[in-house]
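Report on one structure; see the data block that follows.
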Number of protein chains: 2
Amino acid sequence: MHQPAATIDHVFHALGDATRRAIVVQLGRGPASVSELATPLPISLAAVVQHVQVLEASGLVATRKQGRVRTCSLIPNTLLEAERWLAQRRALWEGRLERLEALMQVRTSIDHAATTAPVDAATEEEPA
Amino acid sequence: MHQPAATIDHVFHALGDATRRAIVVQLGRGPASVSELATPLPISLAAVVQHVQVLEASGLVATRKQGRVRTCSLIPNTLLEAERWLAQRRALWEGRLERLEALMQVRTSIDHAATTAPVDAATEEEPA
DNA sequence: ACAAAAGTCAAGTCGTTACTTAACTGTTGG
DNA sequence: CCAACAGTTAAGTAACGACTTGACTTTTGT
């Protein structure tokens with residue numbers, strides 16, 4: 001029970017910031033201290049601490065302090081939750097597409113086994 | 001070439017906002033006009049238009065205007081790109097874990113085929 | 001014991017961003 | 001033709017979020 005209310009909302013909000021994503025990338029390569037995370041970044045240590053706090057609150061990273069150094073590591077399961085959220089939207093959408101294609105196929109084969117449907121044309125903006 | 005510079009940065013920034021995620025959820029169920037998207041939301045139509053613009057710039061949604069109604073739809077491939085970004089961080093991390101576990105297993109089986117490692121204890125903060 | 005290292009905390013600044021209202025354009029049904 | 005509809009644009013406001021600085025705490029190496 002380290003991150004009590006780690007909602008999808010917090011996760012995507014945390015990932016919405018480029019610096020925080022850079023931190024996540026770095027942590028992908030393995031655990032790191034706050035200072036190590038700060039070194040390649042063009043911001044102050046204090047700012048990095050704040051980012052780490054956000055990431056921790058979101059459930060994306062876990063931290064553990066030993067002596068004076070706080071070591072941060074990724075929580076893969078939270079990454080997975082975000083993946084699943086996206087995958088679900090996509091699945092719904094693609095499910096729709098498939099059903100629609102199926103319908104179309106029925107339609108065209110019933111109508112008059114015709115010329116492969118001209119469903120395209122201009123992809124952008126119609127003037128009038 | 002509808003969304004010229006649709007970077008991962010734009011995608012995650014777009015997903016960082018709760019209202020925009022709500023729109024994405026809605027679009028998961030199928031295409032919708034701007035007004036339809038606005039109906040369940042507690043904000044003005046103009047605000048929704050702005051969100052749709054952000055989503056379109058990010059490559060997450062495509063829109064097409066016919067007459068006076070603009071119809072929005074998801075672009076599943078962009079969702080997929082975000083998924084992949086997350087999956088890649090996770091894969092790296094989990095790869096590390098596996099290698100580490102492998103090492104541990106070698107160590108323990110060499111050392112003295114011993115009692116299943118007591119690697120746990122307190123999970124949070126060490127005082128001193 | 002002391003100085004440097006590694007964070008932490010609290011204000012405060014400043015830019016960004018979500019949102020509103022209002023005026024406006026194009027579209028459609030009657 | 002005209003009223004309502006669907007959306008767009010612009011300008012402004014208000015809140016939020018990222019970042020800084022500076023003071024402070026705890027830990028560690030010598």
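Below, chain A is the first sequence line, B the second, and so on; all start at residue 1.
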Picking from [options], which would you name as closest to the side chain of [X]?
X       : options               : result
B/Leu45 : C/dT8, D/dC5, D/dT8   : D/dT8
A/His13 : C/dT20, D/dG17, D/dA4 : D/dG17
A/Lys65 : C/dT20, C/dT8, D/dA4  : C/dT8

Can a side chain N or O of [X] be found less than 4.0 Å away from OP1 or OP2 on [N]?
X       : N      : result
A/Arg70 : C/dT8  : yes
A/Ser44 : D/dC19 : no
B/His51 : C/dT17 : no

Review point. Counting only non-hydrogen atoms, which of residues 18-29 of chain A are less than 4.0 Å from DNA chain D?
Key: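 Going residue by residue through residues 18-29 of chain A, the ones with a heavy atom under 4.0 Å of DNA chain D turn out to be A/Thr19, A/Arg20.
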Exercise for review: Any chance you could lay out the side chain to side chain contact (heavy atoms under 4.5 Å, CB included) test for B/Val48 and B/Ile43, step after step, and finish with the verdict?
Suggested key: CA-CA 7 Å; B/Val48 175; B/Ile43 59 179; 4.0 Å; yes
Point to revise | Chi angles and distances behind the side chain to side chain contact (heavy atoms under 4.5 Å, CB included) call for B/Leu60, B/Leu79 | key: CA-CA 7 Å; B/Leu60 279 166; B/Leu79 264 320; 4.2 Å; yes
**Study point:** Audit row: B/Cys72, B/Leu37, side chain to side chain contact (heavy atoms under 4.5 Å, CB included) steps and yes/no
**Key:** CA-CA 9 Å; B/Cys72 310; B/Leu37 290 175; 4.0 Å; yes
Rounded to whole angstroms, how far apart are [atom1] on [X] and [atom2] on [N]?
X       : N      : atom1 : atom2 : value
B/Leu55 : C/dA18 : CG    : C1'   : 13 Å
A/Gln66 : D/dT26 : CD    : C1'   : 15 Å
A/Ile43 : C/dC14 : CD1   : C1'   : 16 Å
B/Arg68 : D/dC2  : CZ    : P     : 18 Å
A/His10 : D/dC16 : NE2   : P     : 14 Å

Review point. With a 4.5 Å limit on heavy-atom distance, are the side chains of A/Ser73 and B/Trp93 in contact?
Key: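 When only atoms from C-beta onward are counted, B/Trp93 and A/Ser73 do touch, with a gap below 4.5 Å.
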Distances under 3.5 Å only, N/O to N/O: pair up the protein atoms with those of nucleotides 9-15 of chain D.
none

Table please: side-chain donor-acceptor pairs of residues 80-88 of chain B below 3.5 Å, with sequence neighbours left out.
| unit_1 | atom_1 | unit_2 | atom_2 | d |
| --- | --- | --- | --- | --- |
| B/Glu83 | OE1 | A/Arg90 | NH2 | 3.2 |
| B/Glu83 | OE2 | A/Arg90 | NE | 2.6 |
| B/Glu83 | OE2 | A/Arg90 | NH2 | 3.3 |

For the pair [X] (side chain) and [Y] (backbone), establish whether a donor and an acceptor sit closer than 3.5 Å, ignoring hydrogens and angles.
X       : Y       : answer
A/Glu94 : A/Ala91 : no
A/Arg20 : A/Ala14 : yes
B/Arg21 : B/Leu15 : yes

Practice item. Go through B/Ile23 and B/Leu55 one step at a time and tell me if the side chain to side chain contact (heavy atoms under 4.5 Å, CB included) criterion holds. Key: CA-CA 9 Å; B/Ile23 291 178; B/Leu55 285 167; 3.7 Å; yes
Practice item. Specify the residue among A/Pro42 and B/Val34 whose closest nucleotide of DNA chain D lies further upstream toward the 5′ end. Key: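 The residue mapped nearer the 5' terminus is B/Val34.
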